[in-house]
Amino acid sequence: MKNLFFIILIFSSIIFSQENNQLVNDNLFSLPNIKKFADYLFCQKDYLRAANEYERILNLVQNDTIEYKIALSYLEMGNFNEASTRFNSITESSSFYKSAQAQSLKLVFQIGDIVKFRSQYLYINSNRAYLDSAGLASLYMFSFLLTEESLPNEDEFVNAFQIAEKNKIRNFYEWKKDFPEKSPLKAAIFSAIIPGAGKIYADEYSDGIYAFIATLAAGYLTYDNFKAGHDFRGWIFSGLAVGFYAGNIYGSAAAVQIYNAHIRFDFVNELKAFLEDKNYFLQVFNFCN
Amino acid sequence: MNNNHFIFKITLAFILSFSFKTIAQTDWIKWNKADYTYRINNLVEKRNYSFDFNNPGRFLLKSLANAYWFFISDVDGDNCSFNPTCSNFFILSVEKTNIVQGTLMFFDRFIRDMNIFGKVNHYPRVLNGHFYDPPSLYILDSDSINYIPPSVVVKNE
């Protein structure tokens with residue numbers, strides 16, 4: 001029994017021994033191993049640690065792919081300034097140069113400075129042929145949707161995009177062209193005719209009903225108190241009735257303005273979600289497959 | 001033998017008696033009693049009872065508001081579901097616009113406050129759960145409207 005136990009013990013050490021002999025024999029901090037680890041972190045979307053590991057490689061050797069990945073890591077982390085610096089540091093001799101320049105310009109758009117993006121794009125476009133020209137042209141055209149500038153011709157606008165995107169783009173174009181805003185003046189007039197109607201026009205149904213009830217109730221109490229000879233109470237309720245009536249006319253106009261701000265907010269959010277989904281129409285390098 | 005046994009017992013008792021001193025916890029900061037309180041943080045809107053003597057209109061308005069807060073609202077408790085509260089909304093509206101527009105804004109707010117069905121999922125909330133509804137949304141200047149969706153909790157009012 002004892003012998004059997006010792007035999008099992010001796011052989012178990014061989015059975016469960018370290019299999020990855022190469023990893024044991026190699027230096028864990030060798031260049032290929034650091035790169036392997038950094039790539040793993042990058043593909044696991046652990047961009048902060050991936051960038052740190054890639055920086056370690058850059059200290060040892062210059063590599064444009066690593067520089068590009070560092071820039072992408074900062075971009076994914078939302079550190080736009082650092083990402084922009086890193087993209088701009090990629091030299092013209094690199095195969096990533098044009099993409100990096102496009103990404104750098106896209107960052108201006110992503111930060112929200114649409115006016116600067118448009119002027120920079122036009123400047124670059126007029127001075128030299130741009131690498132990711134189709135993608136940037138699409139992004140430039142898309143930027144019309146986020147500015148107050150007048151839209152170009154519909155066909156010209158839609159043709160700047162890929163076939164698969166055209167339907168969605170056409171919808172955005174039409175939405176922007178005939179923005180479904182409501183009129184504050186109309187709301188005020190509606191509420192002046194029927195208290196609360198302007199609020200209902202602004203999609204504030206329960207507020208509209210409450211305004212109607214409050215104005216009607218205060219009006220009735222005014223009439224009832226004056227009729228009963230309670231003049232003091234009559235004046236109080238008449239003040240309230242006038243306040244509710246006028247306040248509701250004013251509030252209906254304000255509610256429409258908030259409604260318009262709401263749909264503008266939703267429109268911009270939808271545009272941003274679409275852009276994110278399409279990676280801002282720029283070329284994507286898949287480093288993880 | 002018995003003597004040895006007795007000495008062993010005494011030694012053991014001696015070691016046990018002092019062992020709590022030798023291996024006692026030294027990390028006092030970590031293990032000290034925590035002064036915990038389970039009271040909800042006081043997130044109630046702070047009253048500003050100050051007066052402005054330079055402007056007669058504002059002085060009159062603030063006097064009325066202070067009186068209302070002191071004699072009625074503070075006694076009644078934290079019951080207004082909005083932030084800023086309706087009385088504070090009135091003062092802020094008048095300060096932002098003028099007495100006429102501010103009064104209209106107040107009446108509109110008053111009607112919206114009466115609406116017990118339309119507030120949830122309509123206004124964003126502040127940390128104490130009140131509905132965030134600043135006067136800047138109602139001054140009829142579309143540029144001053146900063147739309148915040150109801151799902152957002154407003155931390156910096």
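Because only heavy atoms are used, hydrogens play no part in the values below, and waters and symmetry mates are left out as well, while side chains stay in. Residue numbering restarts at 1 for every chain, and letters A, B, ... go by the order of the sequence lines.
At a 4.5 Å heavy-atom cutoff, B:Phe106 makes no contact with chain A through either its backbone or its side chain. For A:Phe244, the parts lying near chain B are the backbone and the side chain together; criterion is any non-hydrogen pair under 4.5 Å. For a residue to count as touching a neighbouring chain, one of its non-hydrogen atoms must lie under 4.5 Å from one of that chain's; by this rule A:Ile209 does not touch chain B. With a 4.5 angstrom heavy-atom cutoff, B:Ile148 does not touch chain A via any of its atoms.
More than 12 heavy atoms of other residues, nucleotides or ligands lie within 6.0 Å of CG in B:Leu64, so this atom counts as buried by the packing criterion. In this structure, B:Phe70 places its CZ atom where only 12 or fewer heavy-atom neighbours from other residues, nucleotides or ligands lie under 6.0 Å away. Heavy atoms of other residues, nucleotides or ligands lying less than 6.0 angstrom from OH of B:Tyr49 number more than 12. Atom CZ of A:Phe212 sits in a sparse spot, with 12 or fewer heavy atoms from other residues, nucleotides or ligands closer than 6.0 Å.
Looking at every heavy atom in both residues, B:Leu104 comes nearest to A:Ala246 through CD2-CB, 3.5 Å.
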Anything under 3.5 Å between chain B and chain A that's a donor-acceptor pair? List each one with its distance, please.
{"residue": "B:Gln101", "atom": "NE2", "partner": "A:Tyr250", "partner atom": "OH", "Å": "2.7"}
{"residue": "B:Asp108", "atom": "OD1", "partner": "A:Lys199", "partner atom": "NZ", "Å": "2.9"}
{"residue": "B:Asn115", "atom": "ND2", "partner": "A:Ser206", "partner atom": "OG", "Å": "2.8"}
{"residue": "B:Asn115", "atom": "ND2", "partner": "A:Asp207", "partner atom": "OD1", "Å": "2.6"}
{"residue": "B:His122", "atom": "NE2", "partner": "A:Glu204", "partner atom": "OE1", "Å": "3.1"}
{"residue": "B:His122", "atom": "NE2", "partner": "A:Glu204", "partner atom": "OE2", "Å": "3.3"}
{"residue": "B:Tyr138", "atom": "O", "partner": "A:Tyr250", "partner atom": "OH", "Å": "2.5"}
{"residue": "B:Tyr147", "atom": "OH", "partner": "A:His262", "partner atom": "ND1", "Å": "3.4"}
{"residue": "B:Tyr147", "atom": "OH", "partner": "A:His262", "partner atom": "NE2", "Å": "3.2"}

